[in-house]
Every structure is written in structure tokens, then in C-alpha cells.
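Written out below as C-alpha cells is the structure these notes cover.
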Amino acid sequence: MTRQEQSMEQVDALVVGSGFGGSVAAYRLAEAGHSVVLMERGQPFPPGSFPRSPAEMGRAFWDPDAGLYGMYDVWSFGGCDSVVSSGLGGGSLIYANVLLRKPERWFVNETPDGGYEPWPITYDDLEQHYEAVEDMLEGTPYPLDRAPYDNTPKAHAMQDAAAELGLHATLPPLAVSFAPERGAAPGLSLPIVDAGYGNLHGPQLRRTCRLCGECDIGCNDGAKNSLDHNYLSAAKFHGADLRTSHEVKAIRPRQGGGYEVDYIHHTVGDRLRKRRLKTIGCNRLVLAAGTYGTTLLLLRSQGDLPGISKALGTRFCGNGDLLTFLLKAKDRNRVRELDASKGPVITSAIRLPDGLDGGAGGGRGAYIQDGGYPEFVNWMVHSFDGTIERALRFVVGRVLELFKWSPDTNLSKELSELIGDGALTMSSLPLLGMGRDTADGVLRLRDNRLNAEWTTETSELHFERLRKTMQSIADVLGADYADNPMWFRKRVITMHPLGGAPMGATPDQGVCDAFGEVFGFPGLYIADGAAMPGPVGPNPSLTIAAMSDRMSTRLLEKAAAANGHGSKTHSVTGAEPVAGTGSPDGVAGDSAYGSESGEVAGTRGSAATESGRTSLSFTEEMKGFITFGATEPRVGELAEGRERMSFRLTITADDVAGFLAEPEHTARAEGWIDAAGCGGRRPVQRGWFNLFAPAGAEDRRLMKYRLYFTDAQGRPRTLAGEKNVLHGPPTRIWPDTSTLYVRVLEGHVDEDADAEAVVVAAGVLHIQLADFARQLTTFRTAGPGGPGSLIRFGRFFAGELWEVYGPDLT
């Protein structure tokens with residue numbers, strides 16, 4: 001390491017961007033014990049700070065050269081305009097909350113000959129990661145069947161139109177808090193219960209959704225489950241260093257492994273101050289600056305990344321986005337109230353079938369969703385003085401830009417001036433379309449600016465199908481149909497730009513592999529929409545987050561393998577080479593389900609391997625309810641004041657032969673416990689598991705859990721749990737082996753001191769059937785004779801069950 005590198009700040013993992021890819025990665029890596037720095041170019045926006053007045057909205061754009069540091073970053077290219085976000089939480093600050101999975105059959109790209117080419121990643125690869133993200137973001141459908149939410153005209157209109165046209169409409173999961181906590185009844189403007197890991201904005205009072213339609217301009221109530229309220233707060237809780245107003249400008253590999261990253265620190269409000277370029281070193285670098293930000297960064301750094309795939313800049317698309325409007329809706333010659341401002345921005349989704357689905361209909365699948373706008377409209381029509389003049393100046397400027405050889409593709413400053421002290425109000429109901437357009441666009445540098453070569457022509461059938469269906473919805477609702485004002489030039493507005501650094505099976509097909517690791521550059525990962533090899537179809541935020549969760553698991557596994565030791569955590573203070581590259585064929589390796597507990601799969605069984613023994617491990621997840629103040633598990637499970645508890649543990653027997661031979665059958669337990677009353681997700685500091693331990697009778701066994709942890713106040717706690725495996729009919733096998741009776745004890749308590757321990761809480765946890773199915777895929781062995789050891793373990797397990805539940809032959 002050079003003297004310059006020694007003086008440079010060093011960190012284990014650097015994450016660039018705080019959107020759905022960066023936030024997930026920062027949380028997963030910090031939770032696993034890595035030192036993490038996250039750099040976000042924008043500012044934090046706590047509830048109450050989002051712009052609302054005309055003056056505030058006029059400066060709510062991102063263009064530092066013009067002294068603008070707001071949320072909206074507006075780009076204009078040949079075939080589309082895009083609105084993306086700048087701020088802590090990335091796109092989650094301005095997206096419409098929809099959490100839809102990419103349909104299972106849609107993981108393909110069309111080929112020129114009319115066939116299909118599968119993505120390097122499948123639905124099955126992402127399923128468990130979809131679940132993890134959905135749980136963290138607390139997605140829930142709009143409660144249209146309950147008052148006062150049932151009085152939401154636009155939602156009923158979408159349902160009516162779908163039924164009339166024979167289309168399938170749903171209420172998709174939304175990342176919005178309608179209820180104060182999980183399992184509670186929804187209500188307007190109720191205080192939201194803290195998740196247990198605090199809030200990075202401080203003790204801010206968050207309140208449930210009040211149906212104001214302000215989701216897309218920032219939720220000042222904190223009802224929107226944007227990433228700053230969950231993943232980023234949890235990342236900070238686990239030690240991640242979140243740095244706002246830090247914009248990354250260039251990256252390059254570091255001699256001996258790792259990367260150097262150049263960045264500037266913006267001083268908001270001081271546009272004249274010369275910003276000095278600074279450098280930080282890292283062992284692993286995660287790019288999550290959004291499709292435009294990540295691709296632009298890679299293109300500008302291309303000279304320092306020799307051999308990077310020629311696919312860089314390709315497979316760009318807008319996820320089939322199309323904005324249209326329904327105007328002057330009528331019902332029997334009377335005005336039909338749609339009230340687009342009431343409710344969250346989106347409540348409903350109509351899915352158009354895809355030819356890949358195998359059912360009726362054809363073409364490429366798509367979604368149509370209701371839109372909305374803020375409840376307040378007074379400033380939009382406030383003071384039209386000068387509006388026409390500004391609008392004309394804006395239009396003339398745009399026309400002149402078309403004839404420039406090197407047009408300015410960032411319109412933030414111009415739009416800021418256009419809005420001025422007000423803007424024209426919207427009317428009636430916007431409709432938002434999206435789907436599988438053609439990912440044949442190319443992002444390039446022109447005079448060091450990002451330029452997109454993309455057109456709607458190759459996706460004409462997709463857009464015409466959307467427009468025709470939207471016109472039919474307008475007819476059913478008695479409304480006039482209107483295209484967005486730019487459609488006359490076949491231009492679209494997209495909130496979902498994708499591609500530019502796509503994943504592929506080989507370097508010829510993509511920039512990164514199926515896990516997001518850049519081919520030829522170990523430790524460099526892409527975790528945002530740039531990695532998409534094509535359109536997602538539905539709103540892509542959930543799929544981006546799930547891919548990042550999967551990427552993080554892979555990164556942790558490879559980091560552990562490079563370290564060569566069994567430590568759960570890893571913190572680096574100096575430079576360290578990064579070993580390993582992405583899978584060259586893009587094929588996933590072993591299941592990484594167990595790694596999601598925070599421990600790293602690559603570390604399991606290492607001690608056994610070094611000693612010539614054979615280890616065995618598996619991962620178990622259990623969920624249920626406990627009540628603080630209760631002392632009996634069954635009482636705590638059902639009490640009125642109960643709260644959710646879960647854990648995810650990796651159970652490891654370092655020596656299978658010794659584990660099966662000794663009477664208590666003791667193994668290590670590592671992972672986490674999650675309960676709000678304990679401070680949210682808490683790592684297990686030390687844990688034990690006993691499989692079929694003696695219980696004093698020949699026809700009874702116990703599965704015992706003893707987990708030491710500390711709560712958020714640093715107080716030591718013990719989770720003591722038992723599964724009671726007792727003689728009975730074979731139908732009792734599942735309920736007995738999947739039900740855990742737990743007590744949370746004060747202090748770190750040995751088993752022989754349980755009787756004197758103070759019981760803090762009690763309840764019951766269960767294995768869900770889906771979690772059990774995944775558990776069966778997590779069994780791993782390391783060392784000589786692995787398959788044989790797994791067979792011996794299976795025979796032991798079955799034999800013990802026979803001993804307890806088999807027929808009485810005496």
C-alpha cells in the first residue's frame with residue numbers, strides 16, 4: 001500500500017446511492033458487521049420538510065451548478081423525458097408506493113427472430129428476497145372495504161371499468177402505513193409505532209395516511225414507508241455511516257484489490273464555493289445511483305476500467321411507461337366524481353395479460369394504474385401573472401435545444417423557472433401505464449453529458465395497446481381521453497428508466513453477472529435499475545430491492561470466503577485485496593437462504609473442516625407473538641397486548657458424529673431475534689440448540705433454544721424456548737415440531753437458573769409451511785463424508801420421531 005493510500009480514508013464497503021438498491025445493500029452489509037459508508041448526493045427529507053409552497057416547489061429540483069439541491073432530477077432525451085429523485089431514500093421519496101412482483105413468466109427478453117431469451121435470473125431466485133423486502137417495507141393493499149377508505153371514488157371507478165371490460169383489477173400492496181402497527185386496525189392520522197431500530201431523522205412523529213394524495217411529492221406525515229424510515233434507519237442502527245450531499249464523480253480499481261472513489265461534498269446554498277475533489281478507498285463497491293447515475297459514472301470512468309463489457313450503455317428502456325388523462329367524466333349526463341386527490345397516488349392496478357401467461361389475450365403484458373395529485377391545488381392556480389410568458393420562454397428554449405448538436409439533457413433549471421410561483425392545475429384522473437417495452441435503447445456520452453438513443457417505434461404495439469385500453473376505460477367512465485402533451489412527437493415520460501449496465505450470462509451479453517458483480521472487476525457490484533436486462537413490467541422498485549437483497553447475500557458469502565475464517569462479522573480498517581469474481585456463466589451457486597440471518601454461509605463449518613471433522617448446518621425461521629409482562633407462553637400468545645416476534649437462526653453442528661453421539665445433541669445457534677419490545681432486530685451474541693434432548697421419559701423429547709442477546713437499551717436478555725415432542729398419534733408430529741414455547745428472561749441466564757430468573761415476556765412461535773419448505777433447502781455439510789453425514793442425520797431424526805410417535809408395541 002502506497003503512502004497516499006495509507007493516508008486515504010478506508011472502508012470495507014462503500015455504497016453509492018440510497019434508493020431501493022443502495023438502501024437494501026447498506027442495511028444487509030451493516031447488519032452483518034461490515035464497516036459501511038453510504039454516499040447520497042441529495043439531502044435528507046424528514047417528515048414536514050418536503051416543499052409545498054410555490055417558492056419551495058420552484059427550487060425543488062436538482063442542478064447544483066444552478067444552486068438547486070432539491071428532490072426532482074429531470075432528464076430529457078430524444079424519445080423520452082424522465083423524472084428521478086435526489087435525496088436520502090432515493091426514488092422511494094417520490095414513487096407511488098406500489099410493491100408488485102415481476103410475474104414469473106416475464107423473466108425473458110424477445111429475440112429478433114421472434115423467440116425468447118431467458119434472463120440470467122429467475123423468479124425462483126428472487127422469491128425469498130421478495131418476501132424479505134415486502135416484510136421490511138410492510139406492503140399492504142388499500143383498505144377499500146373499510147370506512148373511510150371506502151369513499152375513494154377513483155378506486156371504485158377503476159374496479160367498475162375493469163369489470164365492464166372483462167379485465168383483472170387488484171388492490172396492489174402499497175408501502176404505506178394505514179394502521180399504526182402490524183395487525184392493528186387502520187385509521188387516519190394515527191401515531192405510528194416505532195419499528196424498534198429508531199428513525200434516522202430522530203424522534204419524529206409519523207402518522208398514518210390521511211388520504212391527501214401527496215405521495216409523489218414527499219409525504220410530510222411520514223405515512224409513506226419510504227426507505228429512510230426502514231432500511232436506512234436500520235442500517236444506521238447497525239453502524240452504517242450515511243453521508244448526504246456527497247456526490248461520487250469517478251471510480252477506479254486499486255492496486256492489490258478494492259477501489260478508489262472520487263467524490264465532492266456539496267455545501268447547500270453556496271453555489272460559488274469551489275468544491276474540492278476527495279477520495280476514499282474501499283474493498284467492495286456497490287453502485288446504486290440509479291439507472292442514469294450509475295451508467296453515467298461507469299461511462300465517465302470507463303478509461304479506468306479496462307476490459308469492461310461492451311454491453312455498457314445497452315438495453316436501456318423506460319419500462320413501458322405511458323401517462324394519459326381521463327377528463328370530464330360523466331354518469332348519466334351528470335358529473336362523475338373521480339376525486340383523484342383523495343387517497344394515496346395509486347390504489348388500483350389493472351393487469352393486461354401477456355402472451356407468455358398462456359391464457360387469453362396476447363402481446364406483451366402491461367399494467368394500468370390510477371394516478372393522483374396533491375389534495376391542495378390553491379397554489380397551482382395562484383397568481384397567473386407571468387405564467388404564459390415563462391411557458392413561452394420554456395417552449396422556445398426547448399425547440400432551440402432540438403437543433404443544438406449538444407443539447408443540455410438536464411432540464412431541472414428550466415423547469416424550476418417555468419414553475420415560478422405556481423403551475424397549472426391538473427384535472428380529472430391521470431392513468432399510468434407500464435409494461436414490457438423493447439429494451440433496445442443505448443446510453444452514451446456526448447460531450448461528457450449523458451445521452452439516450454431510444455425511440456417508441458420498436459415498442460409501438462405495446463403503447464398502442466395501452467392507449468386503446470385506456471380509451472376504453474374512458475368510454476366506460478363517460479370521460480374524454482387525452483394523451484400526454486408530448487405524445488404528438490411520440491415521446492413518453494418515464495419514472496422507471498432501466499438498463500445501461502445490464503446483467504448477462506457472459507461478458508458479451510452483460511456488464512454484470514446474475515448477482516450484480518461486474519465481469520472482470522471483483523468486488524464491484526451494481527444494485528439498481530441499471531442492472532436490469534429488460535423491462536420489469538410492473539413498478540420495478542420491489543424487484544430492484546429483491547435483486548439487491550440477493551446480491552448482498554452473495555457479497556457476504558464471498559467476503560467470508562476471502563477472509564478465510566468463521567467470524568460472523570468483518571470490519572476492515574485498512575486496504576485489503578478482494579478475492580473472487582462473479583460467476584462467469586451467471587448461474588447461482590448454493591442456496592443462500594441461511595446467509596440472510598446476518599451470518600455468512602461461507603463461514604459455516606470452517607472449524608470442522610480444518611480439524612478433519614464434518615460439520616452440518618441448516619437455517620430455521622420462526623414467527624409468532626409474545627406479550628411483555630406475561631410469564632406463560634400460551635397466555636402471551638393470545639393476550640390483547642401481544643406483539644410480533646420472529647427469529648432466523650443458522651444451526652451448526654461442527655462435528656456431526658459427536659453431535660449425534662452425545663445425549664443432549666448440542667449445536668451452535670447464530671442469527672437474529674426481532675421484536676419491537678426488545679428494540680427491533682437484535683443479533684444473537686451467543687446461542688445453543690438441542691435436538692431431541694432427553695426429557696425424563698422414554699416417549700418425550702425436547703428441542704431447546706437458548707439465545708443470548710441485548711435489547712436496544714443494552715440490557716442483557718435470554719430467549720429460552722422449548723418444542724415439546726411428546727408421544728401421541730403421528731398427526732401430532734407437525735404441530736409438535738413446529739411450535740416453540742418461548743420466554744424472554746432478564747439477564748444472560750444458564751439453563752439451571754431458569755426457575756429463579758425474571759420473566760420479561762412470553763409467547764409462542766411457529767414455523768410457517770413456506771419457511772419450512774425453504775428450511776429443507778438450507779442443509780449444508782462441510783468436510784469429508786458430507787453426503788454420508790447428511791444421511792446419518794436424517795436417519796437419526798426419523799428414528800427419534802419413531803421412538804416418540806411410533807405405535808406402542810409393548
Side-chain angles (χ1 to χ4, degrees), residues 10-15 25 28-36 121 125 128-129 253-254 256-259 282-286 512-527 547-619 648 650-654 668 670-671 683 777-784 786 789:
Q10 305 290 336
V11 67
D12 182 14
L14 177 65
V15 180
R28 287 292 312 280
L29 302 185
E31 182 201 30
H34 288 245
S35 61
V36 177
I121 192 172
D125 292 330
Q128 69 191 51
H129 304 285
R254 183 177 60 189
Y259 296 87
C282 62
N283 297 309
R284 292 157 191 93
L285 176 59
V286 178
C512 59
D513 66 13
F515 293 93
E517 189 169 21
V518 176
F519 288 113
F521 296 91
L524 175 59
Y525 292 84
I526 299 171
M547 284 188 172
S548 181
D549 192 68
R550 182 173 184 262
M551 177 218 73
S552 300
T553 296
R554 179 70 159 192
L555 189 158
L556 291 171
E557 290 176 341
K558 297 187 76 169
N563 293 337
H565 57 72
S567 172
K568 173 187 167 183
T569 62
H570 175 58
S571 181
V572 178
T573 57
E576 178 178 291
V578 179
T581 61
S583 171
D585 57 2
V587 179
D590 292 340
S591 169
Y593 175 75
S595 297
E596 295 178 4
S597 61
E599 79 289 346
V600 188
T603 69
R604 297 182 211 135
S606 58
T609 303
E610 292 169 2
S611 64
R613 298 173 294 174
T614 300
S615 70
L616 178 144
S617 66
F618 63 91
T619 296
R648 186 177 291 161
T650 292
I651 309 297
T652 304
D654 290 319
R668 286 186 289 113
E670 300 171 293
T777 71
T778 66
F779 280 84
R780 297 286 183 271
T781 59
S789 297

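Residue numbers count from 1 along this sequence. Owing to the predicted nature of the structure, the values given are computational and were not obtained by experimental measurement.
Panel note: side chain Thr778, backbone Thr619; a donor-acceptor pair is recorded below 3.5 Å. Glu517 contributes a side-chain N or O that, together with a main-chain N or O of Gly523, makes up a donor-acceptor pair within less than 3.5 Å. At least one donor-acceptor pair under 3.5 Å links the side chain of Arg550 to the backbone N or O of Ala514.
In this structure, the side chains of Leu616 and Thr652 stay at 4.5 Å or more apart for every pair of heavy atoms. A heavy-atom distance below 4.5 Å is found between the side chains of Thr553 and His129. The side-chain heavy atoms of Lys558 and Arg554, taken from C-beta on, include a pair separated by under 4.5 Å. Residues Val518 and Tyr525 have side chains not in contact (no heavy-atom distance under 4.5 Å, counting atoms from C-beta outward).
Nearest heavy-atom pair, Ser35 versus Val11, reported as atom, atom and distance to 0.1 Å: O-CG2, 3.4 Å. Of all the heavy atoms in Ser548 and Ala25, the pair that sits closest is OG-N, 3.6 Å.
In summary, Asp12 and Arg284 engage in a salt bridge, as defined by a charged side-chain N under 4.0 Å from a carboxylate O.
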Worked check of side chain to side chain contact (heavy atoms under 4.5 Å, CB included) between Val286 and Met551: CA-CA 10 Å; Val286 178; Met551 177 218 73; 4.1 Å; yes
Worked verdict on Phe519 versus Asp513 for side chain to side chain contact (heavy atoms under 4.5 Å, CB included): CA-CA 7 Å; Phe519 288 113; Asp513 66 13; 3.7 Å; yes
Check against salt bridge (charged side-chain N to carboxylate O under 4.0 Å, His left out), Arg668 and Asp654: CA-CA 8 Å; Arg668 286 186 289 113; Asp654 290 319; 2.7 Å; yes
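Considering CZ of Phe521 and CD1 of Ile526, their distance stands at 11.0 Å, rounded to 0.5 Å. Interatomic distance, NE2 of His34 versus SG of Cys282, reported as 13.0 Å (0.5 Å rounding).
Note that Arg254 lies outside the cation-pi zone of Tyr259, set by a 6.0 Å cut-off to the ring centre and a 45° limit from the axis.
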